[in-house]
Each structure stands twice: as C-alpha cells, then as structure tokens.
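I have placed the structure first, in the form of structure tokens, so that the comments after it can refer back to it.
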Amino acid sequence: MAASSNSSLSGSSVSSDPEDYQPPIWKSYLYQLQQEAPRPKRITCPQEMESRPKYYGREFHGMISREYADELLVGAEGAYLIRESQRQPGTHTLALRFGHQTLNYRLFYDGKHFVGEKRFESVHDLVTDALITLYIETKAAEYIAKMTTNPIYEHLGYTSLLKDKMVHRLSRERTEPRRVTFQRDERISSPLVQRTALKDTPEKQCFYEKIHNFKVHTFRGPHWCEYCANFMWGLIAQGVRCSDCGLNVHKQCSKLVPSDCQPDLRRIKKVYSCDLTTLVKAHNTTRPMVVDMCIREIELRGMNSEGLYRVSGFSEHIEEVRLAFDRDGDKADISASAYADINIIAGALKLYLRDLPIPVITFDLYSKFIQSAKLPNAESRLEAIHESLLQLPPAHYETLRYLMAHLKRVTQLAKDNLMSSENLGIVYGPTLMQPPEQNALITLNDMRQQKLVVQLMIEHEDVLF
C-alpha cells in the first residue's frame, strides 16, 4: 500500500486565531477504495418462482444447492442471488461473489433486509454496502488498524482550537466566570474541620467534563471522520454522530474521543428530561436554569408558604411551566403575574429534578448514599455521605449544593411554612435519588434511607458542601 495514496496533512495551515481556523485536508485513500469497490450484479432467475417471497425480486432462484449457486455466480465479481436453503427450508441465503469465491449469508427480513446490524430498504443496497465493506477491509486492513494512531483531533490541535473558538465566543457573551468549589483541603487533619474549611478555600473555575452522546448515523454524501480524518465508508450507518455537539467519527474512533463534548444549543431540543451536564454546558451555566430561576422565585415570594414543596400545585399549570422552559429557556415567565400560586413553581422544580434521565444523585452512587445512611455512628455517617458527594459529577454536585443551601433556608422558617428538614427529606428523597433498577420493592425498602440522606444534607449543609 503506497504511502502516496493518502492526502498529506502537512499542507494544512493551522492559524493561532480560532476565528481563522480551517479544518485539515481529509485523507482520501479509503474514499478512493470505495470508488474502486465491485458493483452489484444481480443474477436473475429465468423462470418465475411460485415460492418467491413478495419482498424479493427475480434474484430469487428458489431451492437450489450451494454448488449450483456457485456455478451461476462464477466469474462475475459482485454477482449475487438469493436462494432458499436446502438444509433449512423456509430460510433464505444471500450468495455473493467476492474475492473469486462465493460467500453465503443468512438473509433476514423484518420490513427491511439485513444480515447483521444494518437494515436496508433493498437487497441491492445491502449488497452494495457489503461489497464496499469487504473490499475496503480486504485491501486496507492494516491501514484501518493503524488509522487512529495519529489523530488530527490532537495532532493538529483540532480540538483545542475548537475549544478556544467556543471560549472566545462565550467570553464575549459572559465575562463573569462561573465558579464552584468541591475539593477539600488535605492539609487539615480533622474531617469536620476539613469540611468547614471548604468555605474558606479559594474557588476555582468550573469546567464540567462531558462524554459525547454518540449514536449510529447515516451520512448523505461523502463524510470524513473528525477524529482520524479518514473517509467514513459504506452506504448507510457509516459512523456515529454526537447528538449533543454534532461530532462525526468512525465507530471505532468514538472509543478514543476525549470527554470534551461542548453541546450545541441548536441540538438541545428541550430543557426538561435533558441530561443535567449536557444542559449546563450547552447554556454555559453552573446549574440548570430551572433550578436557579425556580429557587429565586420561591425565595422572593414563597418561603413562608405553609407546606412548601409538600402541597401540590395544579398539575396542568405545572405542565405549562415545563412547556414554557422547553420553549423559552431562561426567558420563561414564572413570575407572580403568570403563576400566583407558588406551589406551581415548587412543583415545576420537583418535576424537573424527578424527570432527569440521570438523577442528581447518580445511579452509580445510589447504593453508596444508601449504605452511608445505614451507618450507626453519626460522625461516620456524615463522613461517608461527604465522601460520596465528592464522587458526584461536578454539575450534579453544584446543583445539589445550591438546592441544599436553599432547603436549609426553608427550614429556618419552619415556624411559618411547617417544613422541617425531615419533612423536606420525605419530599425530596425519592426526587433526588432513585435506584438503578426500577424496582418498587427496593424503592419502598430504601425510603427511610433516602429521607435520611436528604435530611442530613440539609441539616449539615454548611459542613458537607
């Protein structure tokens, strides 16, 4: 395989100005191979077959042997036919000529044709894709195995330039940095003193890591991988695309892409039921806007409301608030003139937290928090909860910290609103933490611990966060 068959990356000019950044020259070798791949040649049956399924055409030859199929296909690279299996009547086999031999594949149909993961509208498309894949993987097996070793993603500073461009754009929109503190000071010996010292340590810039949300994608027209710069071959499902930021890469390259997704607001279709980290990164905020805006509104006019968070607002009005956030984002009107009953706003906040695809206390840490609540010693219990809190994703941690500080202020007015930390624990326990397995019995058994975890976080908010 000649090295000259690749377009060189050395011709790419990388400007230090993010606004002038141009993508590198894409490598053309795999694209050239796809153009060279054999074309499908349908071998038709000379007579009409009564047993032919309605979703096959004249390429169906009925129940014939492998040997006879081989005779019909010999000498025509890319030739194909469909036969009924003699060994398993009622099942069908795609016989395909490639590499001077006949390959046989069990063929399925469920509304679309398939032999593996990919689904095709026609047998012709299936064969076209198969010939491209077979040809490229035969001719370029060694090249494909090595194509991720020198990715443009890092080699040419591709990612860092895109990040600089994003930071440059955001800096024009918001000059005040968003900050969060969550690391404890290891120089202080006492655990409780360590936690208190958190309040006095300098805050750091909050950069939330986020993994890409890759999904199999069919690209219309030629596309190149934005990780390795190689062509994404095939007819359909050639690679994966991040549904949050739009990054396009090979499936094998997706495993190597760093957790640096910067969601594009144009791709975020809603606010409710959107992943928490995805939402805050897309909007460049420290916490979800719903949390900030609802808490701000509640503290403005609802802190003395009896049964705050326990009394339900009208469900149809809560649904209106949800739709307003999904439609208008941070421009949603949740003022008293729009919703006089503060329980509607409180209900909208609880609904947002309850509908998160990954709860604020994440599935993978659920059992740690539950086990922490079961510890008999009060000091050990707090220490275990604190250690678990430090393992939360930063956006989840910051959201929980802000919420607990708010709920602490709610309890300080318990004489008026009748909401103690225990009452709030009952309300917020199942809202903030849910078991990974959606099992009603587990949820029922863990309710006491769920309540206690939230109760302790409210009561000891000043030392746990």
Side-chain angles (χ1 to χ4, degrees), residues 1-39 116-118 120 125 128-166 210-264 266-267:
M1 188 180 301
S4 61
S5 59
N6 266 336
S7 294
S8 171
L9 286 175
S10 60
S12 302
S13 59
V14 180
S15 168
S16 59
D17 184 355
E19 295 291 346
D20 296 335
Y21 174 65
Q22 297 296 323
I25 298 173
W26 305 115
K27 302 174 186 177
S28 63
Y29 176 58
L30 297 180
Y31 176 73
Q32 293 167 3
L33 286 183
Q34 175 159 313
Q35 298 302 103
E36 298 168 7
R39 297 295 185 264
E117 292 181 356
K118 294 183 178 182
F120 298 84
D125 287 349
T128 302
D129 187 82
L131 288 170
I132 290 170
T133 302
L134 288 167
Y135 188 77
I136 288 179
E137 291 182 354
T138 300
K139 293 281 187 179
E142 184 179 349
Y143 180 87
I144 291 171
K146 294 180 178 179
M147 71 182 183
T148 61
T149 56
N150 191 24
I152 60 165
Y153 208 76
E154 298 166 356
H155 182 62
L156 290 180
Y158 184 58
T159 308
S160 61
L161 281 168
L162 291 179
K163 280 183 177 177
D164 290 344
K165 190 172 183 178
M166 179 62 66
K210 181 191 176 307
I211 61 173
H212 290 271
N213 185 19
F214 287 120
K215 294 180 180 175
V216 175
H217 189 78
T218 293
F219 299 94
R220 304 302 177 191
H223 267 73
W224 275 256
C225 175
E226 295 174 46
Y227 182 80
C228 71
N230 282 288
F231 179 65
M232 301 168 79
W233 66 90
L235 201 62
I236 68 167
Q238 304 96 326
V240 294
R241 167 176 285 175
C242 177
S243 58
D244 294 333
C245 71
L247 183 70
N248 303 317
V249 295
H250 292 111
K251 188 175 181 180
Q252 59 266 45
C253 291
S254 69
K255 301 171 185 175
L256 304 173
V257 175
S259 298
D260 60 356
C261 177
Q262 178 59 52
D264 185 341
R266 292 170 297 181
R267 296 179 180 275

Closest heavy-atom contact between [X] and [Y]?
X	Y	answer
F219	G239	CE1-N, 3.9 Å
C242	F214	N-CD2, 3.6 Å
D244	R267	O-CD, 3.6 Å
V240	S254	CG2-CB, 3.8 Å

Salt-bridge contact D260-K210 (side-chain N to carboxylate O under 4.0 Å)
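A salt bridge is absent here (no side-chain N lies under 4.0 Å from a carboxylate O).
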Report the residues that fulfil salt bridge (charged side-chain N to carboxylate O under 4.0 Å, His left out) with R266, sequence neighbours left out, ordered by chain and then residue number.
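R266 satisfies salt bridge (charged side-chain N to carboxylate O under 4.0 Å, His left out) with D264 once adjacent residues are dropped.
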Applying salt bridge (charged side-chain N to carboxylate O under 4.0 Å, His left out), can you list everything that pairs with D129, at least two apart in sequence or on another chain?
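By the salt bridge (charged side-chain N to carboxylate O under 4.0 Å, His left out) rule, D129 matches K118.
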Heavy-atom neighbours of E117 CD exceed 12 at 6.0 Å:
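Not more than 12 within 6.0 Å, no.
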Could you go through the side chain to side chain contact (heavy atoms under 4.5 Å, CB included) check for H223 and H217 one step at a time?
CA-CA 11 Å; H223 267 73; H217 189 78; over 6 Å; no
Working to the nearest 0.5 Å, report the span between SG of C253 and CG of L247.
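It comes to 10.0 Å.
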First locate atom CD1 of I211, then atom OG of S259, and finally report the distance between them rounded to the nearest 0.5 Å.
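So the CD1 of I211 and the OG of S259 are separated by 6.0 Å.
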Can you check whether H250 reaches M147 side chain to side chain, under 4.5 Å on heavy atoms?
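Sidechains of M147 and H250: in contact.
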So among W224, W233, Y143, which one has a ring-ring contact (aromatic ring centres under 6.0 Å, His included) with Y29?
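Exactly one option meets the ring-ring contact (aromatic ring centres under 6.0 Å, His included) with Y29, and it is Y143.
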Could you go through V249 and L256, starting from their C-alpha distance and side-chain angles, then the distance that decides it, and tell me whether this counts as side chain to side chain contact (heavy atoms under 4.5 Å, CB included)?
CA-CA 10 Å; V249 295; L256 304 173; over 6 Å; no
